[in-house]
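Below is one structure, written out as structure tokens; the observations come after it.
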There are 2 protein chains.
Amino acid sequence: MTTSETERVNAAVQRLRRAGLRNTAARRGVLDQLAHAVGGRGHLSVSELHHALLARGVVVELSTVHRVLRQLVELGIAHTVPVGRTTTFGLADDIHHHAVCGTCGDMRQLPAEAVAASVAAARAVGIDTDQSGHPNGVVVYGRCVRCRTTDR
Amino acid sequence: MTTSETERVNAAVQRLRRAGLRNTAARRGVLDQLAHAVGGRGHLSVSELHHALLARGVVVELSTVHRVLRQLVELGIAHTVPVGRTTTFGLADDIHHHAVCGTCGDMRQLPAEAVAASVAAARAVGIDTDQSGHPNGVVVYGRCVRCRTTDR
DNA sequence: GTGCTCTTGCCACTATCTTGCAATAGATCC
DNA sequence: GGATCTATTGCAAGATAGTGGCAAGAGCAC
């Protein structure tokens, strides 16, 4: 884990503590994994996260991972992006939006400037994205180059 | 059902026929319902659609509704918008994108112009939205006025 | 009307996520 | 360090959403 990842995890733990939540192994593990994933290919599904934790020797129940993630989302520490039938999670410590391949689930970040017009249009019809603790943000669903060329 | 709804259903049935698919009661029922819903509050979940069909006397299995919808999406006749853990469906006969309340699932349409910059940004990172038969389009997740004021 | 074959109903199954409850483990105070 | 309080977790059962196989039935072409 890089220094920056450690810092982001620590910042998230501080927010948990301020919310009156305890600093448990399960929560640290989930945060570590999310911080690591955001640096990598992007967000993680619950089962990916669970497997990664077990592989690292952090023994937690799947139901616990679900509960931890729900809390992180409620606190605005993590955010969700639905991909097909599953939900993926990422840290929400920098404002970013997503482009998702609906076929393979590959995900890229989009800068806030690029989606500003979409956000404004949504607000104009009554949907506000500045709502911590709720799923929010812009998601562009499409297909990645690889899935297009291999016709998946 | 208005004249315009009937026309849209007929157009969709023509597309089915051209794809070599039969004009069955289940498919007509689903298309009717989708055409009606798009005129109303927006998209429908599978179970909403199923209940609406049964209420209208169109007796179909839930699994059939799933199968019909999957085919409609594959043909580009319908499109999907994930809302929380469920998927909602709408007719795709006009190009539009969506703003969704992540709390209550309320949905508004966004014009293509408003989301053009987001689509371009996604393409720049390799995600292309012009892919019929695949989930695509821009979705802005946020909260609607009602859920914000009632703090749901 | 006949016949071919696509569709559907039925049922079992998988995957994802939630919930209740008892046991466990953080955090605080002394 | 030890006692205590209570949030958190593991465990197990169950809810919800969607899929797949197969035989019976229904569209469509002729």
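Just so you know, these numbers come straight off a predicted model, no measurement behind them. Residue numbering restarts at 1 for every chain, and letters A, B, ... go by the order of the sequence lines.
Each of A/V73 and B/V140 belongs to its own hydrophobic cluster when Ile, Leu, Val, Met, Phe, Trp and Tyr are linked at side-chain heavy-atom distances under 4.5 angstrom.
Residue A/H66 contributes atom NE2, which lies 17 Å from atom P of D/dA15 at whole-angstrom precision. Here D/dT19 presents its P atom at 10 Å from CD of B/E74, a figure rounded to the nearest Å. One can place CD of A/E48 at 15 Å from P of C/dA15, the figure rounded to the nearest angstrom. Atoms CG (B/L53) and C1' (C/dG9) sit 15 Å apart, rounded to a whole Å. Here the C1' atom of nucleotide D/dA17 and the CG atom of B/L44 are 16 Å apart, to the nearest Å. If you measure from atom CG of B/L75 to atom C1' of C/dC6, you get 14 Å, rounded to the nearest angstrom. What separates CG of B/L49 from C1' of D/dG18 is a distance of 15 Å, to the nearest Å.
The side chain of B/R17 approaches D/dA29 more closely than any other nucleotide in the set D/dA17, D/dA29, D/dG18.
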I'd like a table of atom pairs between the protein and nucleotides 7-14 of chain D - only N or O on both sides, under 3.5 Å - with the distance next to each one.
| residue | atom | partner | partner atom | Å |
| --- | --- | --- | --- | --- |
| D/dA7 | O4' | A/R22 | NH2 | 3.3 |
| D/dA7 | N3 | A/R22 | NH1 | 3.3 |
| D/dT8 | OP1 | A/R22 | N | 2.9 |
| D/dT8 | OP1 | A/R27 | NH1 | 2.6 |
| D/dT8 | OP1 | A/R27 | NH2 | 3.0 |
| D/dT8 | O5' | A/R27 | NH2 | 3.2 |
| D/dT9 | OP1 | A/T24 | OG1 | 2.7 |
| D/dG10 | OP1 | A/V59 | O | 3.1 |
| D/dG10 | OP2 | A/E61 | N | 3.0 |
| D/dG10 | OP2 | A/T64 | OG1 | 2.5 |
| D/dG10 | N7 | A/R67 | NH2 | 3.0 |
| D/dG10 | O6 | A/R67 | NH1 | 3.3 |
| D/dG10 | O6 | A/R67 | NH2 | 3.3 |
| D/dC11 | OP2 | A/E61 | OE2 | 3.2 |
| D/dC11 | N4 | A/S63 | OG | 3.4 |
| D/dC11 | N4 | A/R67 | NH2 | 3.4 |

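The shortest side-chain heavy-atom distance between A/V138 and A/V119 falls under the 4.5 Å cut-off. Proximity of B/H79 to B/H98: side-chain heavy atoms (C-beta onward) are separated by under 4.5 Å at one or more points. Looking at heavy atoms from C-beta onward, A/L69 lies in side-chain contact with A/L34 at the 4.5 angstrom threshold.
A donor-acceptor pair under 3.5 Å is absent between the side-chain atoms of A/R15 and the main chain of A/I77, judged by distance alone. Of the possible polar contacts, none joining the A/R27 side chain to the A/V13 backbone as a donor-acceptor pair under 3.5 Å is found. A distance-only check finds no donor-acceptor pair linking the side chain of B/H43 to the backbone of B/A37 [under 3.5 Å].
Comparing the helix axis at one end of the helix from C/dG1-D/dC30 to C/dC30-D/dG1 with that at the other, each defined from 5 consecutive pairs, gives an inter-axis angle of 50° (nearest 10°).
Evaluated for a side chain to side chain donor-acceptor pair (under 3.5 Å) with A/N23, the options A/R17, A/R28, A/Q14 yield exactly one hit, A/R28.
Under the ring-ring contact (aromatic ring centres under 6.0 Å, His included) criterion, A/H97 pairs with no residue, sequence neighbours left out.
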